[in-house]
Amino acid sequence: NHPARKLVERIRDEVHRFAITYHRKLRDKQFQTSDLEKIPGIGKSRALLLLRKFGSMERLKTADVDEIARTGGFSSKLAQEVKGRLVGQDFS
């Protein structure tokens with residue numbers, strides 16, 4: 001019941017709340033990004049275009065460069081970059 005003990009407990013609780021809030025924010029941010037967005041030149045909108053067209057990362061990995069380039073907003077150079085980055089990576 002000592003006031004100093006109550007103060008230390010409140011500080012502990014606030015630090016714990018702050019840490020949990022920060023961790024949740026980081027975790028939520030991690031699940032909002034796609035592995036495609038790690039490729040230079042690919043943002044949220046282009047990643048979404050690819051996923052809508054091909055349906056999954058597995059189908060995108062098996063697509064050839066010309067199929068990727070036929071997606072709106074993709075040049076053949078960018079399609080080659082995407083294909084090169086996807087080869088050898090496991091997105092399951």
Side-chain angles (χ1 to χ4, degrees):
N1 278 344
H2 197 273
R5 179 182 169 105
K6 288 186 181 211
L7 176 64
V8 171
E9 287 175 351
R10 288 184 65 192
I11 292 171
R12 177 203 61 198
D13 292 344
E14 179 62 20
V15 168
H16 190 241
R17 183 199 62 79
F18 183 81
I20 288 174
T21 303
Y22 179 72
H23 181 261
R24 285 180 182 159
K25 183 178 177 182
L26 287 179
R27 187 185 62 207
D28 290 345
K29 186 176 180 180
Q30 174 187 7
F31 291 119
Q32 290 177 351
T33 59
S34 168
D35 289 327
L36 289 172
E37 293 177 44
K38 296 177 184 174
I39 300 172
I42 304 291
K44 285 188 183 285
S45 60
R46 283 186 172 164
L48 189 58
L49 282 173
L50 287 173
L51 290 174
R52 282 185 180 158
K53 180 174 182 177
F54 293 100
S56 70
M57 292 296 289
E58 287 301 318
R59 288 189 59 206
L60 180 59
K61 283 170 48 174
T62 59
D64 62 358
V65 175
D66 293 332
E67 283 181 284
I68 297 171
R70 279 183 261 151
T71 304
F74 283 84
S75 64
S76 59
K77 182 179 179 182
L78 184 56
Q80 288 175 347
E81 178 73 19
V82 169
K83 185 65 177 179
R85 296 284 180 120
L86 292 177
V87 173
Q89 294 182 0
D90 184 23
F91 292 105
S92 48

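Heads up: numbering here begins at 1 and tracks the sequence.
To the nearest 0.5 Å, the span separating CG on Asp28 from NE2 on His23 amounts to 10.0 Å. The CG atom of Leu60 lies 9.5 Å from the CD atom of Glu67; values are rounded to the nearest 0.5 Å. Interatomic distance, CG of Asp13 versus NE2 of His16, reported as 8.5 Å (0.5 Å rounding). Interatomic distance, Ser76 OG to Arg70 CZ, rounded to the nearest 0.5 Å: 12.5 Å. In this structure, the separation between NZ on Lys53 and CD1 on Ile68 is 9.0 Å, given to the nearest 0.5 Å.
Of all non-hydrogen atoms in Gly73 and Leu78, the two that sit nearest each other are O-CD2, 4.3 Å. Of all non-hydrogen atoms in Leu50 and Val82, the two that sit nearest each other are CD1-CG1, 4.4 Å. In this structure, Ala69 and Ala79 approach most closely via the heavy-atom pair N-CB, 3.6 Å.
The side chain to side chain donor-acceptor pair (under 3.5 Å) check on Arg12 picks up nothing, with sequence neighbours excluded. Residues passing the salt bridge (charged side-chain N to carboxylate O under 4.0 Å, His left out) test with Arg52, sequence neighbours excluded: none.
A continuous path of Ile, Leu, Val, Met, Phe, Trp and Tyr side chains, each step under 4.5 Å between heavy atoms, connects Met57 with Phe74, placing both in one hydrophobic cluster. With hydrophobic clusters built from ILVMFWY side chains whose heavy atoms lie under 4.5 angstrom apart, Leu26 does not share a cluster with Phe18. Hydrophobic clustering places Ile42 together with Phe54 (ILVMFWY residues linked when any side-chain heavy atoms are closer than 4.5 Å, directly or through intermediates).
With hydrogens and angles disregarded, a donor-acceptor distance shorter than 3.5 Å links the side chain of Lys83 to the backbone of Lys61. A donor-acceptor distance shorter than 3.5 angstrom exists from the side chain of Arg46 to the backbone of Gly41, with no hydrogens or angles considered.
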Report the C-alpha distance between Glu9 and Arg5 in whole Å, list the side-chain angles of each, state the deciding distance to 0.1 Å, and finish with yes or no for salt bridge (Lys or Arg N to Asp or Glu O under 4.0 Å).
-> CA-CA 6 Å; Glu9 287 175 351; Arg5 179 182 169 105; 3.2 Å; yes

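Taking 4.0 Å as the cut-off between side-chain N and carboxylate O, Glu14 and Arg10 do not count as a salt-bridged pair.
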